[in-house]
*Asks:* 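I'd like to ask some things about the structure below.
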Amino acid sequence: MAKTDIGPPDYKTMLPPVISRNYGKWRYHEIPQPGLLVHTAESGEKLYSVRAGSPRLVSTDHIREMCAIAEKYCDGYLRFTSRHNIEFLLSDKDKVSPLLAELESKGYPVGGTGHSISNIVHTQGWVHCHTPATDASGPVKAVMDEIYDYFVTMKLPAHVRIALACCLNMCGAVHCSDIAILGIHRTVPKPDNTRVPNVCEIPSTVASCPTGAIRGDMKNKTITVNDEKCMYCGNCYTVCPAMPIADPENDGISIWVGGKVSNARSAPSFSKLAIPFLPNNPPRWPEVVDAVKNIIEVYASHARKHERVGEWIERVGWERFFTLTGIPFTDKHIDDFTLATETFRSSTLFKWE
Amino acid sequence: MAKTDIGPPDYKTMLPPVISRNYGKWRYHEIPQPGLLVHTAESGEKLYSVRAGSPRLVSTDHIREMCAIAEKYCDGYLRFTSRHNIEFLLSDKDKVSPLLAELESKGYPVGGTGHSISNIVHTQGWVHCHTPATDASGPVKAVMDEIYDYFVTMKLPAHVRIALACCLNMCGAVHCSDIAILGIHRTVPKPDNTRVPNVCEIPSTVASCPTGAIRGDMKNKTITVNDEKCMYCGNCYTVCPAMPIADPENDGISIWVGGKVSNARSAPSFSKLAIPFLPNNPPRWPEVVDAVKNIIEVYASHARKHERVGEWIERVGWERFFTLTGIPFTDKHIDDFTLATETFRSSTLFKWE
Amino acid sequence: MAKRETPLLDQLEGGKWPSFVKDMKEAAEKNPMAEDLLGQLELSYKDRIGHWKHGGIVGVKGYGAGVIGRYSDRPDLFPNVQAFHTMRVNHPTGWFYKTDALRRLCDVWDKHGSGLTNMHGSTGDAILLGTTTDHIQPCFDDLTEAGFDLGGSGSALRTPSACVGPGRCEWACIDSLDVCYNITMSFQDKIHRPMFPYKFKIKVSACPNDCVASIARSDFSIIGTWKGKIRIDQAEVQACTASGLDIQKEVCDLCPTKCMEWDGKQLKIFDEDCTRCMHCINLMPKALRQGEQRGATILVGGKAPILEGALLSWVIVPFMKLEPPYEELKDLILRIQDWWDEHGKSRERLGELIKRLGMRVFLRAVGLPAVPQMVKAPRTNPYVFFWPEDIKKEVK
Amino acid sequence: MAKRETPLLDQLEGGKWPSFVKDMKEAAEKNPMAEDLLGQLELSYKDRIGHWKHGGIVGVKGYGAGVIGRYSDRPDLFPNVQAFHTMRVNHPTGWFYKTDALRRLCDVWDKHGSGLTNMHGSTGDAILLGTTTDHIQPCFDDLTEAGFDLGGSGSALRTPSACVGPGRCEWACIDSLDVCYNITMSFQDKIHRPMFPYKFKIKVSACPNDCVASIARSDFSIIGTWKGKIRIDQAEVQACTASGLDIQKEVCDLCPTKCMEWDGKQLKIFDEDCTRCMHCINLMPKALRQGEQRGATILVGGKAPILEGALLSWVIVPFMKLEPPYEELKDLILRIQDWWDEHGKSRERLGELIKRLGMRVFLRAVGLPAVPQMVKAPRTNPYVFFWPEDIKKEVK
Ligand code: SRM
Ligand code: SRM
Ligand code: SRM
Ligand code: SRM
Ligand code: SF4
Ligand code: SF4
Ligand code: SF4
Ligand code: SF4
Ligand code: SF4
Ligand code: SF4
Ligand code: SF4
Ligand code: SF4
C-alpha cells in the first residue's frame with residue numbers, strides 16, 4: 001500500500017550548500033552577461049545562476065542530460081524557473097565559462113534575463129488537451145526561433161513576457177502578458193442531441209455559458225444554443241462533452257498585448273486585444289510569427305527605456321499603437337462583455353492617429 | 001387657439017449689440033477681479049460680464065429687480081449661466097463699478113469665477129418633488145452661507161464645483177462634481193398591497209429595481225421586496241407610487257467627492273463616496289455644512305495649484321484623503337454594484353495611510 | 001392673508017448668500033399659492049419629509065410634455081397647493097435674455113402661477129413653479145403669446161442646451177448656440193410629444209472645457225474640438241511669465257501628454273501628441289489659440305445612475321464638421337433615435353441600450369465605422385463575436 | 001517499431017530554439033506511447049484539430065486529484081495512446097532539484113509512462129505526460145517511493161507555488177519557499193481530495209515584482225512587502241551614475257508616485273508617498289534596500305477569464321507579518337475557504353463569488369476590517385447598503 005499525502009520533497013534538501021548557508025541573506029545581484037545572474041550574499045559568498053531555455057515538453061533523456069550537466073558543474077543542483085527555463089546553480093566561478101561552452105555546444109540557448117524576451121509560458125495544445133483551438137508547442141517553437149535573438153541578448157527597452165494558451169481557459173499567463181498568443185474558436189458548438197441527455201447535466205451546461213446563449217430544453221433533456229449570443233468560448237464543451245466546438249476551418253489565433261504582472265512602476269494589468277484572428281497554419285504559423293515580430297519591433301524602436309509594452313502603449317495611446325503597427329482596428333476590439341462601458345472613451349482626450 | 005411648437009425665442013434677438021457685432025470673433029478674456037470677466041474681441045471691442053450669485057428659486061419680483069439693474073447698466077441685457085448665476089453683460093466699462101456697487105448694496109454676491117466655488121447646482125427637494133430624501137434649497141443656502149468667502153474670492157487651488165441632488169435620480173450634476181451632496185433613503189419601501197394592484201404595473205415595477213430586489217406576485221397582482229437586496233434607491237417608487245420610501249428617521253445626506261466634467265488635464269470622472277450618511281437636520285444641516293467645509297479646507301491646504309479635488313486625491317491617494325480629512329473608511333465605501341471589481345485594488349501599490 | 005409662522009425657515013434668511021426663503025416670502029406676500037407652499041415647506045422642515053404626492057399627468061392641448069403634475073398630500077392644511085404643477089419653459093439658447101422678454105415671462109407667471117420660479121432648472125428650462133390644473137392651458141396660451149414655448153419632460157427629447165460659446169468665448173470651436181437652436185427648432189415635435197422609450201438629452205459645449213456638462217448630463221453630447229497645431233504667440237508667452245505664471249510647473253508639467261517643452265524662451269508643442277485637453281490654452285488665453293480646423297466630437301450615452309449606474313458619454317464620432325444646416329448631425333441623431341426607439345425597453349436610456357446590445361451592434365446599426373478613438377483601450381476579455389461574413393462556410 | 005512519417009512536425013526541428021519535436025522523437029525511439037503521440041500530433045497538424053476526447057475520471061486510491069484522464073479519438077490509428085493520462089507531480093518548492101531526485105522521477109516515468117514530461121506545468125507541477133489507466137496506481141506507488149507526491153487537479157487546492165525568494169533573491173520580504181511549503185504540507189488533504197466548489201490556487205511571491213504571477217494566477221495571492229524607509233547607500237547611488245544610470249530620467253521620472261528627488265549628489269525618498277513598486281530598487285540593487293519591517297500583502301480572487309472574465313487579485317489585508325507556523329495566514333485561508341465552500345456555486349471561483357455577493361459581505365463573513373487600501377477609489381454609484389444596526393428603529 002502506497003503512502004499518501006507525503007507531499008513534495010522538502011525543498012531544503014534540494015538547495016545547494018551555498019544557498020543553505022546564505023538563505024535569506026542575499027545582498028545584491030548583477031547580470032554580467034545575458035543568462036548569467038550573480039547573487040552576492042551578505043557573507044560575501046556568490047551564487048552563479050546560468051539560465052538556459054527549454055522547450056518545456058522534454059523527454060526523460062533530455063532531463064537526464066540536464067542532470068549530467070548539473071552534476072558536472074553544479075554538484076548536481078539545478079532549478080527550473082517560473083517560466084520553465086532551466087537554471088544551473090554554481091558556487092564555483094571557474095566553472096561558469098566551461099558550463100556556458102558546454103551549453104552552447106549542446107544547443108541550449110542561454111539568456112532570458114533582464115531586458116530580454118524570456119521563455120514563452122504555454123500550455124498543452126494538440127499534445128494533450130481536449131479543448132484546444134490551436135497547438136501550443138508548435139507556435140511557441142516557431143515564434144521563439146524567429147525572436148531567438150531577443151532571448152540571448154538584453155537589448156529591448158524592458159522585459160517582454162510572452163505567453164500562449166490554446167483556448168480561452170487560458171492555462172498560460174496569457175491574460176497578463178506583454179504579448180499573448182491565444183487560440184480561439186469562431187463557430188458555435190454543435191450539440192449532439194443524441195448524446196447530451198446521457199453525458200450532460202442540463203442546468204450546469206446552461207450555467208456554463210458566460211453570455212447566456214444556452215437554453216435548457218427539459219422536455220427533450222437537451223439544450224439549444226442561440227447562435228447570436230454565442231461567442232465560442234467553449235466553456236459549455238468543458239462541462240458538456242456532447243457539444244464539440246473545434247472547427248479546423250475557423251479555429252485560429254488571436255494576439256493580445258500590453259499586460260503585465262509585476263507591480264514595478266505601474267499596476268499589474270490585463271492584455272488587450274491587438275489582432276482578433278490569424279489562421280492556424282501549421283507547422284510554423286507564419287502569420288502569427290510575423291504578427292508577434294512586428295509588434296516587438298515596433299515596440300523596440302519606439303518605447304523608452306524601462307517601458308514595458310503596455311506602459312509604452314499607455315503613454316503613446318492606443319490610437320498610435322494601431323497606426324504604428326499597421327494593425328487594423330475593428331469593432332471586435334471594442335469590448336461588449338459585462339464591463340465594456342469601462343473601456344469606452346468617456347472624454348474628448350484622444351489623438352487623431 | 002394657442003400656437004404650438006413655436007420653440008423658444010431666437011437667442012439672436014437676445015444678444016447685446018456688442019456680442020452680435022463680435023459673435024464668434026472673441027480673442028481672449030481676463031478676470032481682473034472675482035466675478036468680472038472681460039472678453040476682448042478681435043475687433044478690440046470689450047464685453048464686461050459681471051457674475052452674481054442667485055438662490056435659483058427666485059420670485060418674479062426678484063427677477064424684475066434683476067431686469068431693472070440690467071436696464072440701468074446693460075441696456076437690458078443679461079444672461080444666466082449653466083450654474084444658475086446671473087451675468088450682467090456690459091459694453092460700457094464705466095458702468096462696471098457703479099453696477100458692482102449697486103449689486104453689493106442689494107446683497108448680490110459677486111464672484112464664482114476662476115478658482116472659486118461657484119453656485120451649487122441643485123434640485124427641487126421638499127419644495128416641489130415627490131421623491132426627495134432631503135431638501136435642496138435649504139442645505140444649499142446653509143452651505144453657501146458658510147463657504148461664501150470662496151465664492152467672492154479666487155484663492156482655491158482650482159475650480160470647485162458643488163452640486164446637490166435630493167434623491168438618487170441625481171437631477172443635479174451630482175455624479176460628476178468636485179463635491180456632491182446627495183439625499184439618500186436608507187430603508188426599504190413599504191408596498192401598500194391594497195393600492196399596488198390599482199396604481200402599478202407589476203412588470204415595470206419589477207424591472208425598475210437595479211438590484212433585482214422586487215418580485216412579482218402575479219396572483220395577488222402585487223409585488224414583494226427582498227429586504228436584503230434593496231439598497232433604497234427609490235426607483236420602484238418612481239414607477240409605482242404605492243410603495244413609499246421616505247422615512248424621516250433614516251433619510252439623510254451622503255457626501256461625494258472628486259468628480260469633474262471638463263476635459264482639462266484629466267478626463268471627466270465620477271464623484272466617489274466620501275461620507276455614506278449624515279442626518280437631515282433642518283433648517284441648517286450643520287453636519288453637512290461642517291463636512292463640506294472640512295473637505296474644502298483640507299483640499300485648499302493640500303492641493304497644488306490647478307489641481308481639482310479629484311486630481312489632488314488621485315495624486316495623494318484615497319488612503320491619504322481619508323487620513324487627512326479624518327473621515328472614517330467603511331465597508332460602504334467599497335463598491336458592490338455591477339462594476340465593483342473595477343474599483344478593487346488589484347496591485348500592491350498603496351500607501352500605508 | 002394671515003402671515004404663517006415659519007420659525008424653521010426663518011433661520012435660513014440670515015447669512016450672506018441670497019435666501020430663497022426671502023423670495024418665497026416675497027411671493028407669499030401677494031400670492032396664496034406661494035403662501036401655502038411656504039407653509040408646507042415649513043411642515044417638511046419640521047417633519048423631515050416631503051409633502052407632495054406622486055405626480056399625476058397634466059398637460060396642454062396637443063402636447064404630452066412640458067408640465068410636471070404635482071399635488072399636496074396635506075391639501076387640508078394647504079389648499080392652495082392642492083394642485084401645484086410646474087411649467088417647463090424652453091429658455092432662449094445660451095440663457096440670454098433681453099429684459100423685456102423676461103418681464104413678459106414674469107407677468108404671465110404672476111397671472112397664472114405662484115410667482116415663484118427656478119432660473120433655471122438643471123436641464124436648462126425656465127421653471128415656473130406651481131400652478132393649478134385649470135391654469136395650465138391659459139398660462140400656455142399666454143406664454144406662446146409672449147414668445148415662449150414649453151420644454152421637454154417625460155419620454156421626450158428634453159430642452160437642448162448650449163454653452164455661451166461664440167457669444168462670448170474665444171475658445172468656441174463650433175457655434176454651440178446655433179447648433180442648439182437649430183436642433184431645438186428642428187425637433188420641436190420630439191420635445192413636445194413623448195414618443196421615445198425614455199428621456200433623451202442633447203447638450204452642446206463649444207470646446208472640451210464642457211461648460212454645460214454635456215458629457216455627464218446628456219444622451220447625445222456635442223463637444224467642440226480642433227485639428228491642427230495650437231498657434232503660439234511667443235511674445236505673449238513671455239508676457240505670461242512676466243505676470244508670474246510658472247510655465248514649466250503650471251503648464252508643461254500639468255500637460256497630460258507631456259507634449260510641451262519650455263526652455264525659458266520658446267514654448268514648443270508636439271501637437272501630434274496633444275489630446276486637446278485645453279489646459280495650456282486655459283492658462284494662457286492670449287498666447288495660445290486652438291488649431292484652425294474646427295469641428296465637434298460626438299459622444300453618446302451620458303446619464304445619471306438610475307437604472308444601471310451613471311454613465312459618461314462615449315465617443316462615437318471623433319470629428320465632425322458642423323455647419324448649417326447641420327444635416328449630417330441631425331441625420332445621425334435621427335438614426336440613433338430610430339435604433340433606440342426600435343430596440344429600447346421602456347425607461348431604458350440610450351447608453352443603457354448600447355451597454356445591453358453592444359457598441360459593435362450599435363455602430364453597425366447606425367452606420368459608423370469603428371475607430372480606436374472610441375476606446376480607452378481594446379477589450380481584455382476574449383469573448384469576441386465574429387460576424388457571419390468573417391467565418392468560412394462549413395465544409396464538414 | 002516502424003518510424004512514422006512526420007513531414008509537418010519535422011519542419012519544427014530546425015531553428016535555434018530547442019525543439020520539442022526532437023524530444024518527442026527521442027522518446028518515441030524507445031517508447032510506443034511516445035511514438036503514437038507523435039503520430040497523432042502529426043495528424044492534428046494535418047487536420048488542424050485536436051484528436052483527444054473529452055477527459056474521463058481516473059485516479060489513484062484515496063485521492064480524487066492529481067491525474068488528468070485523456071483518451072484518443074483515433075485509437076484505431078494510435079492504439080498506444082488510446083488512454084494517455086497525465087500525472088501531476090507536486091514539485092519541490094521553488095523548483096529546486098538535486099539531480100538524484102530528478103533522475104528518480106525520470107526512472108519512474110520511463111517505467112510507467114511515455115517518457116515525456118512538462119518541466120513544468122503552468123500551475124507548477126512536474127507534468128508526466130501520458131500513461132495508461134492500469135499504470136496509474138503503480139506509477140503513483142513508485143512516485144511516493146521515490147519521495148514524490150501528486151499535485152492538485154479538479155475542484156481541489158492546486159499545487160501552491162513560490163518564487164525563488166530567500167533562496168537567492170535579495171528582495172525577499174517573506175520566506176516565500178517556507179510559507180509555500182508549509183501551506184502545501186498543512187493542506188495535503190485539500191490538494192488531493194477535491195471538496196471545493198472549484199479549483200483554488202495559492203501562489204507566493206516574496207516581493208512586489210511578483211515573479212510567480214501570484215496576483216494574476218491565484219485565488220489567494222501572498223506578496224511580500226515592507227514598511228519603513230527605503231535604505232539608501234548614497235555612495236552606491238553615485239556608483240550607479242558612474243556606471244551610466246541616469247538617475248533623474250531612469251529612476252526618479254519613472255517613480256510612479258514621484259516621491260524621489262535627486263540633486264546629482266544625494267538621492268532623497270519621501271517614503272510616506274512611496275507605494276513600494278520596486279522600480280528604483282530594481283534599478284539599483286546595491287544602493288537601495290527595502291524598509292526593515294517585513295510582511296506580506298494578501299490578495300484574493302485572481303483567475304483566468306472563464307466564466308465572468310479574468311480577475312486580478314484584490315487586496316484584503318494590506319500587511320500581515322508572516323512567521324512560522326503561519327497560523328494567522330492559514331486560519332484566514334480556512335475561513336475564506338469555508339465561506340466560499342458554503343456559498344459558492346459549482347464552478348464558481350472565489351473571486352466570482354465575492355463579485356456576486358459583494359466585498360462587504362465577504363469581509364464581514366471572514367472578519368476583516370474595511371480599509372482604504374482595498375480600493376483604487378471608493379464607489380461611484382449611490383447604491384449603498386446599510387446594515388440593520390445602522391438604521392434607527394422605526395417609530396412610525
Ligand atoms: C527566476 C525567476 C523567479 C523564479 O522563482 O523562477 C525570477 C528571478 C528574478 N526576477 Fe523576476 N523572475 C522570474 C519571473 C518573473 C515574472 C513572472 C513571469 O515572467 O511570468 C515576473 C512578472 C512579469 C510581468 O510583470 O509580467 C517577474 C518580474 C520581475 C521584475 C519586474 C520587471 C518589470 O519591470 O516589470 C524584476 C525587476 C527587474 O528585473 O528589474 C524581476 C527581477 C528578478 C531578479 C533580478 C530578482 C533577483 O534579484 O534575483 C531575478 C533575475 C531576473 C532576470 O531574469 O533578469 N522580476 N519575474 C523567474 C524567471 C522566469 C524566467 O525564466 O524568465
Ligand atoms: C458662464 C459659463 C458657461 C455658460 O454658458 O453658462 C462658463 C464660462 C466660462 N468658462 Fe466654464 N463656464 C461655465 C460652466 C462650466 C462648467 C459646468 C459646471 O460647472 O457645471 C464646467 C465644467 C466643470 C467641471 O469640470 O466640473 C466649466 C469648466 C471650465 C474650465 C475647466 C476648468 C478645469 O480646470 O477643470 C475652464 C477653463 C478655466 O477656467 O481655466 C472654463 C472657462 C470658462 C471661461 C473662462 C471661458 C471663456 O473664455 O469665456 C468662462 C469664464 C469662466 C469663469 O467663470 O472663470 N470653464 N465651466 C458657466 C458658468 C457657470 C457658473 O456660473 O459658475
Ligand atoms: C426640475 C429638475 C430639477 C431641478 O430642480 O432643476 C428635475 C426634476 C425632476 N426629475 Fe430630473 N430634473 C431635472 C433635471 C435632471 C437632470 C440634469 C440635466 O438634465 O442636466 C438629470 C440628470 C441627467 C440625466 O438625465 O440622466 C435628471 C435626472 C432624473 C432622473 C434619472 C434619469 C436616469 O436615467 O437616471 C429621473 C427619474 C425618472 O426619470 O423617472 C428624474 C425625474 C425627475 C422628476 C420628474 C421626478 C420623477 O421621479 O418623475 C422631477 C420632478 C420634480 C418636480 O416636481 O418638478 N430626473 N433630471 C430638472 C429639470 C428642469 C429643467 O427642465 O430644466
Ligand atoms: C496542464 C496545464 C497547462 C500546461 O500545459 O501547463 C493545464 C491544463 C488544463 N487546464 Fe488549466 N492547466 C494548467 C494551468 C492553468 C492556469 C495557470 C496557473 O495555474 O497558474 C490557469 C489560469 C489561472 C486560473 O486558474 O484561473 C488555468 C485555467 C484553466 C481553466 C479556467 C479556469 C477559470 O476559472 O477561468 C480551465 C477550465 C476548467 O477548469 O474547466 C482549465 C482546465 C484545464 C484542463 C483540465 C482542461 C479542462 O477543460 O478540463 C487542461 C488539461 C490539459 C491536459 O489534458 O492535461 N484550466 N489552468 C496547467 C496545469 C499544470 C500544473 O498542474 O502545473
Ligand atoms: S488553454 Fe485550453 S486547450 Fe490549452 S491546455 Fe488549457 S484548457 Fe487545454
Ligand atoms: S461556446 Fe461559450 S458562448 Fe457559446 S454556447 Fe458555449 S458557453 Fe456559450
Ligand atoms: S433629485 Fe430626486 S427628489 Fe430631487 S428633484 Fe430630482 S427626482 Fe426630485
Ligand atoms: S428602493 Fe430601489 S433597490 Fe429597493 S426595491 Fe425599490 S427599486 Fe429595488
Ligand atoms: S465650453 Fe468652451 S467654448 Fe463653451 S463657454 Fe466653456 S470654455 Fe467657452
Ligand atoms: S491642450 Fe492639453 S494636451 Fe494639448 S498641449 Fe495643451 S496641455 Fe498639453
Ligand atoms: S518576487 Fe521578488 S523576491 Fe521573489 S524572486 Fe522575484 S524579485 Fe525576488
Ligand atoms: S519603490 Fe517605486 S514608488 Fe517607491 S520610491 Fe521607488 S520607484 Fe518610487
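Order of the sequence lines fixes the chain letters, A, B, ..., with proteins taken first and strands second; residue numbering starts at 1 for each chain.
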*Asks:* Let me know if C:Leu41 has heavy atoms under 4.5 Å from chain B in its side chain, its backbone, both or neither.
*Replies:* side chain
*Asks:* Please rank C:Cys277, C:Gly15, C:Gly309 by heavy-atom pairs under 4.5 Å with chain B and give me the top one.
*Replies:* C:Cys277
*Asks:* Sort out for me which of C:Arg289, C:Glu170, C:Glu250 touches chain B most, counting heavy-atom pairs under 4.5 Å.
*Replies:* C:Glu170
*Asks:* Measure C:Lys376 against the heavy atoms of chain B and call it side chain, backbone, both or neither at under 4.5 Å.
*Replies:* neither
*Asks:* Report which part of B:Thr40 has an atom under 4.5 Å of a heavy atom belonging to chain C: side chain, backbone, both, or neither.
*Replies:* neither
*Asks:* Any chance the rings of C:Tyr63 and C:Phe140 have centres within less than 6.0 Å?
*Replies:* yes
*Asks:* If I measure from the heavy atoms of chain B, does C:Cys169 come under 4.5 Å with its side chain, its backbone, both, or neither?
*Replies:* backbone
*Asks:* Of the backbone (N, CA, C, O) and the side chain (C-beta and beyond), which part of B:Asp5 lies under 4.5 Å from a heavy atom of chain C, both, or neither?
*Replies:* both
*Asks:* Out of C:Gly121, C:Ala162, C:Ser205, return the one with the most heavy atom pairs under 4.5 angstrom to chain B.
*Replies:* C:Gly121
*Asks:* Which heavy atom of C:Leu105 sits nearest to which heavy atom of C:Ala126, and what is that distance?
*Replies:* CD2-CB, 4.3 Å
*Asks:* Between B:Phe80 and C:Tyr97, is the ring centroid distance below 6.0 Å?
*Replies:* yes
*Asks:* Quick test of your reading of the model: are C:Lys249 and C:Asp253 salt-bridged, counting only N-O distances below 4.0 Å?
*Replies:* no
*Asks:* Which region of C:Val81, side chain (C-beta onward) or backbone (N, CA, C, O), has a non-hydrogen atom less than 4.5 Å from a non-hydrogen atom of chain B, or is it both or neither?
*Replies:* neither
*Asks:* Using non-hydrogen atoms only, which part of B:Glu146 is less than 4.5 Å away from chain C: side chain, backbone, both, or neither?
*Replies:* neither
*Asks:* Taking B:Asp75 first and then C:Lys98, would you say they form a salt bridge - that is, a charged N and a carboxylate O separated by under 4.0 Å?
*Replies:* no
*Asks:* Are the ring centres of C:Phe20 and B:Trp126 closer than 6.0 Å?
*Replies:* no
*Asks:* Using heavy-atom distances under 4.5 Å, tell me whether C:Ser346 contacts chain B through its side chain, its backbone, both, or neither.
*Replies:* neither
*Asks:* Tell me, side chain or backbone of B:Cys171 under 4.5 Å from chain C's heavy atoms, or both, or neither?
*Replies:* both
*Asks:* Using the side chain to side chain contact (heavy atoms under 4.5 Å, CB included) rule, take B:Glu87 and C:Arg168 through it: C-alpha gap first, then chi angles, then the decisive distance, then the call.
*Replies:* CA-CA 12 Å; B:Glu87 284 183 346; C:Arg168 185 175 70 190; 2.6 Å; yes
*Asks:* Assess the pair B:His84 and C:Trp95: is the distance between their ring centroids shorter than 6.0 Å?
*Replies:* no
*Asks:* Between C:Arg103 and B:Glu71, does at least one N-O distance fall below 4.0 Å, as a salt bridge requires?
*Replies:* yes
*Asks:* Just checking B:His185 against B:Tyr237, ring centres under 6.0 Å apart?
*Replies:* no
*Asks:* Apply ring pair (Phe, Tyr, Trp, His ring centres under 6.0 Å) to B:Tyr11 and C:Phe96, showing your working.
*Replies:* CA-CA 6 Å; B:Tyr11 69 96; C:Phe96 281 97; 7.7 Å; no
*Asks:* What part of B:Leu47 gets closer than 4.5 Å to chain C, counting heavy atoms only: side chain, backbone, both or neither?
*Replies:* side chain
*Asks:* Please look at B:Ser269 and chain C and tell me whether the side chain, the backbone, both or neither of the residue comes under 4.5 angstrom of a heavy atom of that chain.
*Replies:* backbone
*Asks:* Is it the case that C:Asp23 and B:His62 place a side-chain donor and acceptor less than 3.5 Å from each other?
*Replies:* yes
*Asks:* Check each atom of C:Ala172 against the heavy atoms of chain B and say whether the ones under 4.5 Å are side chain, backbone, both or neither.
*Replies:* neither
*Asks:* Pick one of side chain, backbone, both or neither for B:Phe151, based on which atoms fall under 4.5 Å of a heavy atom in chain C.
*Replies:* side chain
*Asks:* Heavy-atom cut-off 4.5 Å, strictly under: side chain, backbone, both or neither for B:Glu42 against chain C?
*Replies:* side chain
*Asks:* Given a strict heavy-atom distance threshold of 4.5 Å, which part of B:Ile147 is in contact with chain C: side chain, backbone, both, or neither?
*Replies:* neither
*Asks:* Is C:Glu308 close to chain B through its backbone or its side chain, or both, or neither, when contacts mean heavy atoms under 4.5 Å?
*Replies:* backbone
*Asks:* Check the pair C:Trp52, B:His128 against ring pair (Phe, Tyr, Trp, His ring centres under 6.0 Å), reporting the backbone distance first and the verdict last.
*Replies:* CA-CA 7 Å; C:Trp52 297 108; B:His128 202 267; 5.7 Å; yes
*Asks:* Between C:Thr86, C:Asp100, C:Asn282, which has the largest tally of heavy atom pairs under 4.5 Å with chain B?
*Replies:* C:Thr86
*Asks:* What part of B:Asn281 gets within 4.5 angstrom of chain C, counting heavy atoms only: side chain, backbone, both, or neither?
*Replies:* both
*Asks:* Just so I understand: if I count every heavy-atom pair under 4.5 Å between each of C:His51, C:His192, C:Met278 and chain B, which residue has the most?
*Replies:* C:His192
*Asks:* In terms of heavy-atom proximity below 4.5 Å to chain B, should C:Asp10 be classed as side chain, backbone, both, or neither?
*Replies:* neither
*Asks:* Under a 4.5 Å heavy-atom cut-off, does chain C meet the side chain of B:Glu311, its backbone, both or neither?
*Replies:* neither
*Asks:* Among B:Asn169, B:Ile19, B:Val127, B:Val121, which has the most heavy-atom pairs under 4.5 Å with chain C?
*Replies:* B:Val127
*Asks:* Under 4.5 Å heavy-atom distance to chain B, tell me which part of C:Leu311 shows up: side chain, backbone, both or neither.
*Replies:* backbone
*Asks:* With a 4.5 angstrom heavy-atom cut-off, could you sort out which part of B:Tyr148 is near chain C: side chain, backbone, both or neither?
*Replies:* side chain
*Asks:* So what's closer than 4.5 Å to chain C heavy atoms on B:Ile86: side chain, backbone, both or neither?
*Replies:* neither
*Asks:* Taking everything shown except B:Lys106 itself, do over 12 heavy atoms lie less than 6.0 Å from its NZ?
*Replies:* yes
*Asks:* Please look at B:Ser204 and chain C and tell me whether the side chain, the backbone, both or neither of the residue comes under 4.5 angstrom of a heavy atom of that chain.
*Replies:* neither
*Asks:* Against chain B, label C:Leu307 side chain, backbone, both or neither, depending on which of its atoms sit under 4.5 Å from a heavy atom there.
*Replies:* both
*Asks:* Counting only non-hydrogen atoms closer than 4.5 Å, does C:Lys286 touch chain B with its backbone (N, CA, C, O), its side chain (CB onward), both, or neither?
*Replies:* both
*Asks:* Does the side chain of B:Thr134 come under 3.5 Å of the side chain of B:Asn280 through a donor N or O and an acceptor N or O?
*Replies:* yes
*Asks:* Return the option, out of C:Val60, C:Asp178, C:Ile127, with the maximum number of heavy-atom pairs under 4.5 Å with chain B.
*Replies:* C:Asp178
*Asks:* Does a side-chain N-to-carboxylate-O contact under 4.0 Å join B:Arg64 and C:Asp107?
*Replies:* yes
